[in-house]
There are 2 protein chains.
Amino acid sequence: MEKRTFKNTIYAAIAGMTKAFSSPNRLEIIDLLANGEKTVEQIATQTAITVANASQHLQVLKTARLVRSRREGTFIFYSLNGLKSYAAWKALRDLAQEQEPAVQVTLQRFRQALGSPVQELRERLGELPRDKTIIAYCRGPFCTYADEAVQLLHANGFKALRLEESYLDIQLDYN
Amino acid sequence: MEKRTFKNTIYAAIAGMTKAFSSPNRLEIIDLLANGEKTVEQIATQTAITVANASQHLQVLKTARLVRSRREGTFIFYSLNGLKSYAAWKALRDLAQEQEPAVQVTLQRFRQALGSPVQELRERLGELPRDKTIIAYCRGPFCTYADEAVQLLHANGFKALRLEESYLDIQLDYN
DNA sequence: TCATTATTCAATAATTTGCTTGAATACTTG
DNA sequence: CAAGTATTCAAGCAAATTATTGAATAATGA
């Protein structure tokens with residue numbers, strides 16, 4: 001086989017896999033699945049797309065071996081397939097956060113624009129210990145709730161930190 | 001701004017950057033540039049595409065901030081823009097090597113199919129020291145010459161190793 | 001078996017992407 | 001300034017990608 005043919009095959013195969021990453025909806029799905037397995041309908045609801053469209057994207061991700069599925073009754077649960085899939089998503093995200101002004105700016109605004117659902121936390125502040133540091137966790141760096149929680153906790157005199165990494169990040173550290 | 005709008009903006013921005021990675025030709029260009037800066041024509045020649053097409057791809061990569069350029073006389077030299085660009089490419093490559101059978105198989109064949117240009121090395125074997133270990137280096141894991149060289153050196157009783165990482169990998173270790 | 005529910009499939013239209021060709025720009029050197 | 005060379009631009013066409021719609025599968029439970 002010609003050297004050029006080898007190269008063409010390899011780069012085409014990698015690009016094929018990479019294409020699965022290059023759609024906003026699929027990235028959001030990957031980001032969701034980094035938090036644990038989900039059904040098609042959950043994914044559709046949380047990403048605000050139709051079920052058929054979510055299913056379609058999931059097929060693309062599955063063909064590229066980025067996600068896997070298991071059946072449980074009438075439900076099919078999807079999850080990320082392996083740590084390297086997550087590692088690649090993380091590398092792309094880090095890169096974009098460093099180099100894409102749109103991401104930097106929006107993310108900052110996103111985290112400042114305090115919203116709502118720290119409501120329960122506010123109501124149950126009394127149940128939290130004051131002698132310990134509280135770690136606020138929230139899936140991925142694109143979820144704002146951890147930030148809101150930390151701000152609320154600080155305002156009320158608690159020691160609190162935001163956990164920057166998702167659970168898959170923590171696993172990555174051990175490999 | 002609506003939470004959904006935030007998310008749409010962020011994922012779209014990341015996907016925009018990711019799209020720059022998802023073309024075989026552009027991946028090969030990135031792989032080339034991981035070895036150091038190159039002119040448009042060098043890139044076109046080494047990737048076996050036309051100059052206009054290479055230029056076009058380079059514009060895409062530049063818009064996505066994955067490469068940068070500098071002018072020197074009539075030449076414009078392109079190079080990778082930052083370690084994170086390289087890190088992302090490496091993550092994608094690792095993922096594909098692990099999960100894409102086509103990549104695994106082809107890469108293996110590629111490295112076995114000994115070719116030619118270790119010719120000069122063969123002719124100048126006498127100039128090499130026999131009391132030291134020789135490290136064969138070759139840009140990225142997708143270049144075969146290092147493998148051929150190691151095989152030749154072993155066959156002639158030298159101590160030799162293949163350096164798996166490119167020079168950018170080595171830099172990554174220090175950050 | 002039949003109705004129900006979760007998921008996938010299939011067809012379509014709109015948009016985007018990739019490569020080619022030939023012309024235009026930008027810098028250098030005589 | 002003129003000629004030469006490296007690079008980019010612009011137009012055009014073929015191919016791939018996306019979301020939508022409505023129908024088809026597949027498992028569950030009565």
Interatomic distance, [X] [atom1] vs [N] [atom2] [rounded to whole Å]:
| X | N | atom1 | atom2 | result |
| --- | --- | --- | --- | --- |
| B/F77 | D/dT5 | CZ | C1' | 14 Å |
| B/F75 | D/dT7 | CZ | P | 6 Å |
| B/E41 | D/dA6 | CD | C1' | 8 Å |
| A/N53 | C/dT7 | CG | C1' | 14 Å |
| A/R70 | C/dA6 | CZ | C1' | 15 Å |
| B/E72 | D/dT5 | CD | P | 19 Å |
| A/I43 | C/dT7 | CD1 | P | 9 Å |

From [options], nucleotide with atom closest to [X] side chain:
| X | options | answer |
| --- | --- | --- |
| A/T50 | D/dT20, C/dT20, C/dT28 | D/dT20 |
| B/T74 | D/dG4, C/dT7, D/dT7 | D/dG4 |
| B/T39 | C/dA6, D/dT7, D/dA19 | D/dT7 |

Taking atom CG of A/L125 and atom CD1 of A/I134, what is their separation to the nearest 0.5 Å? 8.5 Å

The bend of the helix from C/dT1-D/dA30 to C/dG30-D/dC1, taken between the axes of its five terminal pairs at each end and rounded to 10°, is 20°

Considering only NZ, NE, NH1 and NH2 on the basic side and carboxylate oxygens on the acidic side, decide whether B/E28 and A/R4 come within less than 4.0 Å. yes

Do B/V60 and A/L92 belong together in a cluster built from hydrophobic side chains that touch within less than 4.5 Å? no

Polar atom pairs (N or O), protein with nucleotides 8-11 of chain D, under 3.5 Å:
unit_1	atom_1	unit_2	atom_2	d
D/dT8	OP1	B/Q59	NE2	3.3
D/dT8	OP1	B/Y78	OH	2.5
D/dT8	OP2	B/S55	OG	2.8
D/dT8	O5'	B/S55	OG	3.4

Are [X] and [Y] side-chain neighbours, meaning at least one heavy-atom pair lies under 4.5 Å?
| X | Y | result |
| --- | --- | --- |
| B/H57 | B/I43 | no |
| A/L66 | A/R26 | no |
| B/W89 | B/L27 | yes |

Does A/H57 put a side-chain nitrogen or oxygen below 4.0 Å from OP1 or OP2 of D/dT17? no

B/T63 side chain vs B/Q59 backbone, donor-acceptor pair below 3.5 Å: yes

May I ask you to decide if A/E98's main-chain N or O and A/Q104's side chain share a donor-acceptor pair within less than 3.5 Å? yes

By a strict heavy-atom criterion of less than 4.0 Å, which residues belonging to residues 19-26 of chain A are in contact with DNA chain D? A/K19, A/S23, A/N25, A/R26

Cation-pi between B/R68 and B/Y78: NZ/CZ under 6.0 Å from ring centre and within 45° of the ring axis? no

Minimal non-hydrogen separation, A/A88 against A/F21, with atom names: CB-CZ, 3.8 Å

Taking every heavy atom of B/A136 against every heavy atom of B/A149, the minimum-distance pair comes out as CB-CB, 4.3 Å

